[in-house]
Amino acid sequence: MAASGSLEEPGRVAQWLYRFGTIPRGPAIERDFGPDDDPMAMLGMTVGGRVRRQMESSYEATSLSGWYSFARHIGGVQVVAACKLYVSPRPEALADAFPRIVDKLARFEVRSFKVGRRIEGLLRPDKLIAYFDDRSHMEAVVGALEDSLRGCPAQGVPFTTEAGGDGLLSWGMDPPIGNRAASWRSWVTKRLAASLVTARREKPCDDSVATALAALRSAGVDPERWLPGPDAFLDESPP
């Protein structure tokens, strides 16, 4: 779709790819979430709510632009996660799924996670992201969430590696500290957009999708499973 579209500016194509899979806001969403843009009650995060009490006992909360972030105290040291897990239930399943997700994250002492803020934040596919110091810890949490969320309808996060639940759980890897890339998905979509636009301009008769995927593969990403390799992010490393 991006290859055959009319967008010519790589930044706009990257943004379109990044937001792909977002569910549009409409009457059904307004009905399920309520008229307020801040659906705290549906998540059980209002004052006195069960989910909020559980999180307050384990995490320190911070409001960020577009996110509510929850973190265990790490002594003030900046630590880059080895990997991150995306949990992507459809919006209509959040009221039932979110308490189960928080329960597992707290029980497994996941060091930090964030959830989308306001209705728009919960309509995006990557609405909940948990951060881990090693893959084995993440895989243990994936197993627990698969059992707890069995049957939960999945939205699915594009450009991430399947972890379980037919798109409900997937993972990625953020760049190291000091790297100019902002995040895994923004780096991938930025590279894809640049390759698609360039191929469309310079070789309009060629398969621009194949060209873009080949360029991504040479940058250290397996584009069939969206697995990051050791060479990922090297093009964005500081000199």
Side-chain angles (χ1 to χ4, degrees), residues 1-7 9-26 29 66-67 81 83-94 97 101 113-132 135 138 142 145-146 149 152-175 181-200 207-229 232-233 235-236:
M1 292 173 69
S4 61
S6 58
L7 297 178
E9 205 283 305
R12 293 186 63 194
V13 177
Q15 185 180 44
W16 186 89
L17 287 168
Y18 185 88
R19 290 182 57 81
F20 189 81
T22 298
I23 293 176
R25 182 170 178 170
I29 294 296
W67 299 94
C83 52
K84 59 184 184 181
L85 178 69
Y86 300 91
V87 189
S88 186
R90 285 188 58 84
E92 65 269 20
L94 273 172
I101 296 167
F113 68 95
K114 62 184 181 181
V115 62
R117 190 174 177 182
R118 301 186 178 277
I119 291 178
E120 282 71 20
L122 299 178
L123 296 180
R124 56 189 292 167
D126 53 344
K127 58 176 60 65
L128 194 151
I129 307 173
Y131 296 87
F132 296 85
R135 285 277 303 279
M138 183 188 75
V142 165
L145 286 173
E146 278 191 292
L149 298 175
C152 177
Q155 188 169 348
V157 184
F159 314 113
T160 59
T161 304
E162 174 71 17
D166 294 326
L168 182 64
L169 306 168
S170 60
W171 71 278
M173 177 185 70
D174 274 341
S183 72
W184 166 253
R185 293 204 320 124
S186 66
W187 179 76
V188 167
T189 52
K190 175 184 173 183
R191 290 197 63 88
L192 283 173
S195 297
L196 287 170
V197 171
T198 299
R200 204 163 61 206
D207 186 344
S208 56
V209 173
T211 300
L213 293 180
L216 197 62
R217 188 177 288 107
S218 68
V221 177
D222 175 355
E224 294 181 358
R225 294 180 293 166
W226 301 107
L227 279 171
F233 305 118
D235 61 324
E236 298 283 353

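Sequence positions, counted from 1, serve as the residue numbers for this chain. In this text, all values refer to a predicted model and were calculated from it rather than measured experimentally.
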_For the student: nearest non-hydrogen atoms of Ala14 and Lys190, plus distance_ = CB-CA, 3.9 Å
_Donor-acceptor under 3.5 Å (Arg25 side chain, Glu120 main chain)_ = no
*Minimum side-chain heavy-atom gap Thr161-Tyr86 below 4.5 Å*: no
*Looking only at heavy atoms, what is the nearest atom pair of Ile29 and Pro24, with distance?*
CG1-O, 4.0 Å
*In Å, rounded to the nearest 0.5 Å, how long is the span from CZ of Arg124 to CG of Leu122?*
10.0 Å
*asked:* Once rounded to the nearest 0.5 Å, what's the spacing between atom CG of Asp126 and atom CZ of Arg19?
replied: 9.5 Å
*Only one of Ile129, Leu128, Leu145 clears side-chain contact (heavy atoms from CB on, under 4.5 Å) with Leu85; which?*
Leu145
*Begin from the C-alpha positions of Leu169 and Val87 and carry the test side-chain contact (heavy atoms from CB on, under 4.5 Å) through to its verdict.*
CA-CA 5 Å; Leu169 306 168; Val87 189; 3.9 Å; yes
*asked:* Does Glu224, at its CD atom, have more than 12 non-hydrogen atoms belonging to other residues, nucleotides or ligands within less than 6.0 Å?
replied: no
*Considering residues, nucleotides and ligands other than Glu92, do more than 12 of their heavy atoms fall under 6.0 Å from its CD?*
yes
*For Pro223, does its backbone N or O pair with a side-chain atom of Arg217 as donor and acceptor, under 3.5 Å?*
no
*Answer whether the closest heavy-atom distance between the side chains of Tyr131 and Asp174 falls below 4.5 Å.*
yes
*Is there a donor-acceptor pair closer than 3.5 Å between any side-chain N or O of Lys127 and the backbone N or O of Pro89?*
yes
*Atom pair CG (Leu168) and CZ (Arg90), whose distance is rounded to the nearest 0.5 Å*: 12.0 Å
*asked:* Looking at every non-hydrogen atom in both residues, tell me the closest pair between Trp184 and Pro228 and how far apart they are.
replied: CZ3-CB, 3.4 Å
_Could you work out, with side-chain contact (heavy atoms from CB on, under 4.5 Å) as the rule, every residue matching Ala215, not counting sequence neighbours?_
Ser195
*Check Ala193 against Pro10 and note the closest heavy-atom contact, atom names and distance.*
CB-O, 3.3 Å
*Is there a donor-acceptor pair closer than 3.5 Å between any side-chain N or O of Glu162 and the backbone N or O of Arg225?*
no
*Not counting sequence neighbours, which residues clear ring-ring contact (aromatic ring centres under 6.0 Å, His included) with Trp226? List them please.*
Phe159
*Would you say Arg185 and Val157 make side-chain contact, with heavy atoms under 4.5 Å?*
yes
*Return the minimal non-hydrogen interatomic distance between Ser183 and Lys84, and the atom names on each side.*
CB-NZ, 4.1 Å
_With sequence neighbours excluded, residues passing side-chain contact (heavy atoms from CB on, under 4.5 Å) with Thr211_ = Ala199
_Taking the side chain as everything from C-beta on, heavy atoms only, tell me whether Leu213 gets closer than 4.5 Å to Leu192._
yes
_Contact between Ser170 and Ser88 at the side-chain level, heavy atoms closer than 4.5 Å - yes or no?_
no
*Check whether any side-chain heavy atom of Ile101 lies under 4.5 Å from a side-chain heavy atom of Val115, and answer yes or no.*
no
*asked:* Please find the pair of heavy atoms, one from Met1 and one from Trp16, that lie closest to each other, and give the distance.
replied: CB-CH2, 3.6 Å
*Nearest 0.5 Å, what's the CZ-CE distance between Phe132 and Met138?*
7.0 Å
*At what distance, to the nearest 0.5 angstrom, does CZ of Arg191 lie from CG of Leu196?*
12.0 Å
